[in-house]
Amino acid sequence: GEIEWACNPTPSKKCRDMGGMGDSLLVPEKVEYDPFVAGKQPFPITTYQPVLFVTESLLDAKTKIRKFCDSLVRPFFPQYDPFTQTILPSRAVKRLQRTSTAKLQAEKQKQYFQDKASKLATRIS
């Protein structure tokens, strides 16, 4: 189902239903890969992805990811220790308490599909 969703220009109704899309979204939106945008893109975890990022080549993706990583402000850097075959941070890292994002994700997903349904209703009427 996911391959048909991602690759077929007109995914079948069965495919859309299996992915939780029904009639709310007929095809995924395909946009040029930009890691700055992709990193902020909300995405549902219980349905097919409504937005797919595409790139010209693996080299193009690698170049864009490298630029993105170079732009990050990092308070520490990972260093590989070949003797222990582990990766260690260059300084002590204070970890934040883990929190669940399940409720937030469910709210974002609900809002996303409500917005899509509203836009679809507007186009139909």
Side-chain angles (χ1 to χ4, degrees):
E2 289 183 52
I3 297 296
E4 180 182 351
W5 175 249
C7 300
N8 192 327
T10 54
S12 66
K13 175 148 177 50
K14 179 181 176 184
C15 171
R16 294 191 314 271
D17 290 343
M18 287 188 323
M21 295 304 184
D23 292 329
S24 66
L25 188 61
L26 300 179
V27 295
E29 179 183 359
K30 295 177 183 167
V31 296
E32 179 67 28
Y33 177 64
D34 178 349
F36 294 93
V37 174
K40 294 177 183 176
Q41 173 69 35
F43 63 95
I45 59 172
T46 57
T47 62
Y48 295 153
Q49 297 305 307
V51 176
L52 301 176
F53 291 92
V54 295
T55 184
E56 290 296 318
S57 66
L58 290 177
L59 180 61
D60 181 47
K62 180 180 171 182
T63 302
K64 289 177 179 181
I65 290 172
R66 181 174 287 139
K67 286 180 184 176
F68 174 75
C69 290
D70 288 344
S71 75
L72 297 175
V73 177
R74 295 173 242 175
F76 66 92
F77 295 92
Q79 296 176 327
Y80 179 69
D81 182 348
F83 299 109
T84 62
Q85 296 184 343
T86 58
I87 298 175
L88 301 171
S90 59
R91 320 187 295 183
V93 177
K94 181 179 178 184
R95 292 185 181 215
L96 299 175
Q97 184 177 0
R98 289 186 178 214
T99 58
S100 173
T101 60
K103 287 182 183 178
L104 177 61
Q105 184 62 40
E107 290 170 13
K108 285 183 176 182
Q109 183 174 347
K110 181 180 177 183
Q111 185 61 47
Y112 178 86
F113 285 110
Q114 286 174 345
D115 292 348
K116 282 291 187 183
S118 175
K119 288 178 185 175
L120 181 63
T122 303
R123 275 191 277 166
I124 293 173
S125 56

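The figures that follow rest on heavy atoms only: side chains count, while hydrogens, waters and symmetry mates do not.
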field: Qualifying side-chain hydrogen bond (donor to acceptor under 3.5 Å, both in side chains) pairs with a residue from residues 33-44, counting only residues at least two apart or across chains
entry: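 Sorted pair list comes back empty.
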task: List in chain and number order the residues that pass salt bridge (Lys or Arg N to Asp or Glu O under 4.0 Å) with Asp60, two or more places apart in sequence or in another chain; answer none if no residue qualifies.
output: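 Listed in chain order: Lys64.
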- request: Return the set of residues passing side chain to side chain donor-acceptor pair (under 3.5 Å) with Asp81 (not counting sequence neighbours), or none when no residue passes.
  value: Thr84
message: If I take atom NZ from residue Lys62 and atom OG1 from residue Thr55, how far apart are they, to the nearest 0.5 angstrom?
response: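 Those atoms lie 13.0 Å apart.
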Going by side-chain heavy atoms closer than 4.5 Å, which hydrophobic residues are tied to [X], directly or by a chain of links?
| X | answer |
| --- | --- |
| Leu72 | Phe36, Phe68 |
| Leu88 | none |
| Tyr80 | Ile87 |

query: With a cut-off of 6.0 Å (strictly less than), are more than 12 heavy atoms of other residues, nucleotides or ligands near CD of Gln79?
result: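 It does: Gln79 CD has more than 12 such atoms within range.
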Any donor-acceptor N/O pair, Ser118 side chain to Gln114 backbone, under 3.5 Å: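 Absent.
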statement: Scanning both residues in full, the closest heavy-atom pair of Tyr112 with Pro50 reads OH-CB, 2.8 Å
task: Consider only side-chain heavy atoms of I, L, V, M, F, W and Y, link residues closer than 4.5 Å, and tell whether Ile65 and Val51 are in one cluster.
output: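 Linked within one cluster.
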field: Residues that Leu58 engages under side chain to side chain contact (heavy atoms under 4.5 Å, CB included), provided they are two or more places apart
entry: none
task: Mind checking ring pair (Phe, Tyr, Trp, His ring centres under 6.0 Å) for Phe83 and listing every partner two or more places apart, or none if nothing turns up?
output: none
task: Would you mind listing every salt bridge (Lys or Arg N to Asp or Glu O under 4.0 Å) that reaches into residues 104-113, with sequence neighbours excluded?
output: none
